[in-house]
2 protein chains.
Amino acid sequence: MLCSCTNRDNTSVFEGRDNAVTMQRRTGGDHRPTLEMVAAAAGVSRGTASRALNGGVNVSRKAMEAVERAAAELGYRPNLAARTLVLGRSESIGLVISETDERLFSDPYFARLTRGVHSELAGSGIQLVLTLAQNDQERRQLVRFAAGRHLDGVLLISHHRPDPLPLALEDAGIPVVVAGRPNGPECSTRSWWVDADNCGGARQAVEYLISKGRRNIATVAGTQDMSAGFDRLQGWKEAMRVAAGALPEDLIAFGDFSEGSGRRGAEELLARGRPIDAIFAASDLMAFGVLDTLHRRGLKVPEDIAVMGFDDMPGSERCDPPLTTVVQPIDEMGRILVRMLLQRLRGEEDAETSVIVPTGFVVRGSA
Amino acid sequence: MLCSCTNRDNTSVFEGRDNAVTMQRRTGGDHRPTLEMVAAAAGVSRGTASRALNGGVNVSRKAMEAVERAAAELGYRPNLAARTLVLGRSESIGLVISETDERLFSDPYFARLTRGVHSELAGSGIQLVLTLAQNDQERRQLVRFAAGRHLDGVLLISHHRPDPLPLALEDAGIPVVVAGRPNGPECSTRSWWVDADNCGGARQAVEYLISKGRRNIATVAGTQDMSAGFDRLQGWKEAMRVAAGALPEDLIAFGDFSEGSGRRGAEELLARGRPIDAIFAASDLMAFGVLDTLHRRGLKVPEDIAVMGFDDMPGSERCDPPLTTVVQPIDEMGRILVRMLLQRLRGEEDAETSVIVPTGFVVRGSA
DNA sequence: GTGAGGGGTGGGAGCGCTCCCAAGGATGCG
DNA sequence: CGCATCCTTGGGAGCGCTCCCACCCCTCAC
């Protein structure tokens, strides 16, 4: 039985076909109008037409109008490749995500950062180009693409510590601003970067718990090869060293930012038998796992044990009890990322080359 | 108190700064090596160097090696703008998402489609460029970007019916393949397209319910200006017309694909007082809402009322009872999208210009 | 030995654009 | 009226690359 809403034209189930990349060279007939043709139609020279179409300095009113009319009539579209060739820049920048697409689309972090980048770029005339770089092959191709003058600069979202991409791009002459902190010997120190104050945020969270009378504050730390994981643990350590004198190593459990690892981390901490009256989880997802474990052990939050998270994920205000957590101004970070790259492209010498954005936190029910 | 993990160099909280777009023209000192320089270093001519670097036909072994060595030593990166200018193509294609970034990152559909596109393109040497086109200003800029020879073709993800983008791109000479169905008078019929067999999938779902002895099969339909919403309702109508003779209009409620609208749709259907023994929801999200409503009314699924969804969202197998639902081969659609665009770029006359991909379904507990 | 054939090479032409400079035309002031 | 000044214009140069064609030289057949 044929479906009536199947359309009438040449439609069928697709069959695989030879996929060789042999596109036509010099696409034959579709010669699009060039600036030369516009100029001819308007009765002026190339130079005048170019000036008329780019701001119109030193162009008479009459010439201006003639060129604009001719361009509209011919449906003229400037060849940006030619423009790039002579200008030496393409007026587009890349937003490169050096992560698996799995995380890309599931982690709201990317959505919010992209939104910030996007909003800062709106109306600037600069084209934003999103690109994934998930493996070495793709990274090489990206470097070729960017170095080939397709991108004037790159915003790189990269949170895993040893990422060869910033260095490779800088070596190819592409200015990079990284979201995250590309420190360490194996990474480029030339790249500029923006990061949330993960350390300070974590410290403030612990200090808040202390101010509420908590003393035995454990932590479920995140992945240590990510700056977010490392720095948040640093923040906890700093606050605890001050509060407890020495560092209570037995109050640390390690997770990987996932909910399951939060569950396991809490179980591990409780199993050690040491008194605990608060748990700081290095991500909200892990905090969800911690809450789950505490509930199942019959412990009350926050009466028996206070819980804090980090991120303010969607959903954090709806869990039981609503999660007190550290918030990063992700949109703002995206905007700063763009501003820094534009400064770098303009060659502003006095600009800040790295920015740490302060975090805040929302107090809800869990602490 | 200063955070010890704050780095040592020039770091501070960012302050807004003038954002005018006045990048440096003709970036001064950083003259990168050109093909001419590579040729000179290798002791051959431009032409020979070019041939050596592009497949090496009619190049002696000696010249080949000399050029490769020179290129490596100088760190030569071909200027892709110059290449694009002479070839008339850029060897990159766009994946344009004509949706809000809200949905972009929350709807797993995009992640899976992107994965399919990505995997099909791997190793082809073609650069994939993701772009958002959320408003008219961005759409115009995208057309300029693509028509300016930055993109050889565009894969457009667009499910809202009157989308001016495919037509605008085709008018500018850019081949487009749409994910979705750009039918209707206001839309381009020139664009090629790929769509899931929404109509057939819905019909099969209803036929399955009929085969299980259900007779009064209601539906909560989706947004009607999206082909997915329209076609899925068509499929339900076709099956019901055959089964019931006439079309039971009072078994239709309308939603917008969201969970809340599924809840309201189910309530509306039940409130009409007509006997119902199954509900086909046009999305899993709406099916979740339907299940919720039925539970609250104390109705048993599937004993009292069977429920089917459409999409196979992550989470559909974990709801109560696990959802029986129609699945679209989204990855495969992404792959087909790429293959079709490459065919179109190659100018293959005999290629299919539209493809409807058959759906399947998974039987779980709800029907 | 001579001519045909083919692999290998060099360099001119040209892609479409922007920049620059010389030259023309209009205008103003002494 | 003459000359300096400014606005406007045209067209050459050149961005870095690929294509094309003429040319060279080596090989092989007759």
[X] [atom1] to [N] [atom2]: how many Å, rounded?
X      : N      : atom1 : atom2 : answer
A:L80  : C:dC17 : CG    : P     : 10 Å
B:H150 : C:dC15 : NE2   : C1'   : 15 Å
B:R51  : C:dT9  : CZ    : C1'   : 6 Å
A:R83  : C:dC15 : CZ    : P     : 20 Å
B:L85  : C:dG14 : CG    : P     : 14 Å
B:L35  : D:dG14 : CG    : P     : 19 Å
B:L87  : C:dG16 : CG    : C1'   : 14 Å
A:M37  : C:dC17 : CE    : C1'   : 15 Å

Query raised in the report: Is any side-chain N of the basic residue among B:E91 and B:R89 closer than 4.0 Å to the acidic one's carboxylate O?
Result: yes
Query raised in the report: Are any of the side-chain nitrogens in B:R69 or B:E73 under 4.0 Å away from the carboxylate oxygens of its partner?
Result: no
Requested in this report: Mark yes or no for whether A:E170, through its side chain, and A:V176, through its backbone, hold a donor-acceptor pair below 3.5 Å.
Outcome: yes
Query raised in the report: So, does B:E138 use its side chain to make a donor-acceptor pair with the main chain of B:Q134 at under 3.5 Å?
Result: yes
Query raised in the report: Under a 4.0 Å heavy-atom cut-off, which of residues 56-75 of chain B touch DNA chain C?
Result: B:N58, B:V59, B:S60, B:A63
Query raised in the report: Roughly how far, to the nearest 0.5 Å, is the CD atom of B:Q127 from the NE2 atom of A:H150?
Result: 8.0 Å
Closer than 4.0 Å, any side-chain N/O of [X] to the OP1 or OP2 of [N]?
X     : N      : result
A:S45 : D:dG10 : yes
A:S50 : C:dC17 : no
B:R46 : C:dG11 : no
B:T48 : C:dG10 : yes
B:N79 : D:dC15 : no

Requested in this report: Sequence neighbours left out, what passes side chain to side chain donor-acceptor pair (under 3.5 Å) with B:N54? Give chain and number order.
Outcome: B:R83
Report task. Check the pair A:L95, A:I157 against side-chain contact (heavy atoms from CB on, under 4.5 Å), reporting the backbone distance first and the verdict last. Result -> CA-CA 7 Å; A:L95 176 59; A:I157 307 185; 4.0 Å; yes
